[in-house]
Amino acid sequence: MARSEPAGSDSIAAAQELPPPSPLTDGFLAVFTVWTMLCNATALGGGGLRVLVSAAAGTLILAMSWALIRRRRIAGTGPNRLAPRTEDSPAVRRAFAVVVLSAVALTLIAHRPDLDDATFVNWAVTAADDPGAPLYQLDRKTSIPGVREVLPVRRAQSLEMLAAAIAWATGGEAITPMHLVFPPVAALLICLAHREILRLLAPRVWILGLAVAVVFLFLDGGLHRTWGNFAFVRLHQGKSILLTAMVPLVMASALRFMARPCGWSWLRLAAAQIASVGLSANGLWLAPAVAGLSLVSTATALRQGGRTTLIRLM
């Protein structure tokens with residue numbers, strides 16, 4: 001007689017065969033989450049950019065040392081532990097490369113200015129000009145006379161301080177990384193994030209869905225607050241990266257956590273939300289809302305013995 005399987009065994013088996021996330025995506029989450037936490041801790045402690053960069057450099061050295069030690073330990077357990085899992089055909093991988101290169105190239109030549117640009121750039125300029133002053137203490141705008149304090153909720157952001165750190169370390173201008181470095185990196189992140197969520201929801205046609213999403217985001221040129229106007233033409237702003245890259249990445253992290261609840265998937269979901277806050281203060285409400293809705297909508301899809309994964313975790 002064939003052994004009977006518990007209810008929901010197909011979903012559990014499918015959960016065990018989840019496509020792996022991109023190492024680039026995990027790397028971004030790890031680095032930017034740590035940077036955001038260090039930036040917030042420095043701002044709360046009244047430290048300046050010099051303190052933040054020193055703390056980040058020390059953390060980077062410790063992380064690289066730990067990664068090298070861990071890599072040697074894993075390498076000693078067998079060659080297959082480090083073998084990459086490739087599930088896409090060569091044609092699909094080539095198509096993905098074309099989509100990514102197109103998104104990055106068009107991002108570099110597309111630009112839509114916004115009144116908020118002066119605010120974000122000047123936060124970075126203020127920190128780079130005086131690295132000993134407390135972070136986000138002042139909001140200096142060349143077009144507005146006087147000096148005012150930065151809103152407390154905005155001090156949770158860390159993207160502007162990353163631009164300030166790059167400008168201070170290289171001796172350049174803060175607007176350079178914000179308008180020439182961050183946008184193409186964000187375009188790559190958008191493609192990776194959409195690929196991850198589409199591979200979970202529509203694994204057979206994910207490349208088609210990605211191509212359609214990228215084309216739509218490029219062609220949608222409606223009102224100022226439409227979806228396309230927060231995409232590739234405004235990736236010099238953290239809130240655009242939050243909406244078009246981090247929202248699907250938070251959703252994908254929530255789905256992975258519900259499919260395979262463990263410490264690492266929980267940390268990834270938490271890191272996605274922390275990184276969202278570092279990009280924009282809007283992440284304080286948007287990231288938890290997206291994560292919560294994704295968790296609730298997925299809870300009933302994974303059942304074991306009539307009890308959902310969410311209930312089992314409680």
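Since we're looking at a predicted model, the values are computed, not measured. Numbers for residues simply follow the sequence, beginning at 1.
- Of all heavy-atom pairs between Ser102 and Phe218, the closest is O-CZ, 4.4 Å.
- When hydrophobic clusters are built by joining Ile, Leu, Val, Met, Phe, Trp and Tyr residues whose side-chain heavy atoms come closer than 4.5 Å, directly or via intermediates, Leu192 is grouped together with Leu200.
- The distance from the CD atom of Gln273 to the CG atom of Leu284 is 11.0 Å, given to the nearest 0.5 Å.
- Residues Arg256 and Ser253 fail the side-chain proximity criterion, which asks for heavy atoms closer than 4.5 Å.
- The aromatic rings of Phe32 and Phe28 lie parallel to each other, their planes meeting at an angle below 30°, with 60° marking the opposite boundary.
- Note that CH2 of Trp35 is 10.5 Å distant from CG of Leu159, once rounded to the nearest 0.5 Å.
- When all heavy atoms are compared, the tightest approach of Thr107 to Ala187 is OG1-CB, 3.5 Å.
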Review point. How far apart are the C-alpha atoms of Phe232 and Val214, what are their side-chain angles, what is the distance that settles it, and do they pass the side-chain contact (heavy atoms from CB on, under 4.5 Å) test?
Key: CA-CA 9 Å; Phe232 299 101; Val214 170; 4.2 Å; yes
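- Note on Val277 and Leu44: separate hydrophobic clusters, where clusters join Ile, Leu, Val, Met, Phe, Trp and Tyr whose side-chain heavy atoms are under 4.5 Å apart, directly or indirectly.
- When side chains are defined from C-beta on, Tyr136 does not count as touching Arg154, because their heavy atoms never get closer than 4.5 Å.
- Val31 and Leu269 are not part of a single hydrophobic cluster, where members link through side-chain heavy atoms under 4.5 Å apart.
- A donor-acceptor pair is defined here as one N or O able to donate and one able to accept, closer than 3.5 Å; no such pair exists between the side chain of Thr33 and the backbone of Ala30.
- Across all non-hydrogen atoms, the minimal contact from Met251 to Val290 is CG-CG1, 3.4 Å.
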Would you be so kind as to tabulate the donor-acceptor pairs closer than 3.5 Å made by side chains of residues 165-184, with sequence neighbours excluded?
unit_1: Thr170; atom_1: OG1; unit_2: Ile166; atom_2: O; d: 2.6
unit_1: Thr170; atom_1: OG1; unit_2: Gly172; atom_2: N; d: 3.4

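- Pairs of residues two or more places apart, or lying in two chains, never qualify as salt bridge (charged side-chain N to carboxylate O under 4.0 Å, His left out) while including a residue from residues 274-286.
- Both Leu189 and Leu106 are members of a single hydrophobic cluster when ILVMFWY side chains are connected at heavy-atom separations under 4.5 Å.
- Side-chain contact check for Leu29 versus Leu249: some heavy-atom pair is nearer than 4.5 Å.
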Exercise for review: Using the side-chain contact (heavy atoms from CB on, under 4.5 Å) rule, take Val250 and Ser276 through it: C-alpha gap first, then chi angles, then the decisive distance, then the call.
Suggested key: CA-CA 9 Å; Val250 170; Ser276 297; 3.8 Å; yes
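- Side-chain atoms of Trp123 and Thr126, non-hydrogen and from C-beta on, never get closer than 4.5 Å to each other.
- Here Thr42 contributes atom OG1 and Met161 contributes atom CE; the two are 11.0 Å apart, rounded to the nearest 0.5 Å.
- When every heavy atom of Arg199 is checked against every heavy atom of Pro19, the shortest pair comes out as NH2-CB, 3.5 Å.
- Looking at Leu135 and Arg155, their side chains never come closer than 4.5 Å, going by heavy atoms from C-beta outward.
- Here the CG atom belonging to Leu208 is positioned 9.5 Å from the CG atom belonging to Leu198, to the nearest 0.5 angstrom.
- Judged purely by atom type and a 3.5 angstrom limit, Gln157 uses its side chain to pair as donor or acceptor with the backbone of Ala281.
- Both Leu24 and Leu235 sit in one connected hydrophobic cluster of ILVMFWY residues. Membership requires side-chain heavy atoms under 4.5 Å apart, directly or through other members.
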Exercise for review: Run the numbers on Leu255 and Leu201 for side-chain contact (heavy atoms from CB on, under 4.5 Å), then give the verdict.
Suggested key: CA-CA 9 Å; Leu255 295 181; Leu201 299 178; 3.8 Å; yes
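- Once rounded to the nearest 0.5 Å, the distance linking CZ of Arg93 with CD1 of Ile207 reads 11.5 Å.
- For the residue pair Thr244 and Ile190, the shortest heavy atom distance occurs at OG1-CD1, 3.3 Å.
- Phe230 carries Arg234 over the face of its six-membered ring, with the cationic atom under 6.0 Å from the centre and within 45° of the normal.
- The minimum heavy-atom distance between Ala156 and Asn40, with the atom names listed, is O-ND2, 3.1 Å.
- Proximity of Arg268 to Pro21: side-chain heavy atoms (C-beta onward) are separated by under 4.5 Å at one or more points.
- Looking at heavy atoms from C-beta onward, Ser22 lies out of side-chain contact with Glu196 at the 4.5 angstrom threshold.
- Two residues are said to be in side-chain contact when any heavy atoms from C-beta on lie closer than 4.5 Å; Asn282 and Leu243 fail this criterion.
- With rounding to the nearest 0.5 Å, the separation of NE2 in His236 from CG in Asp117 is 3.5 Å.
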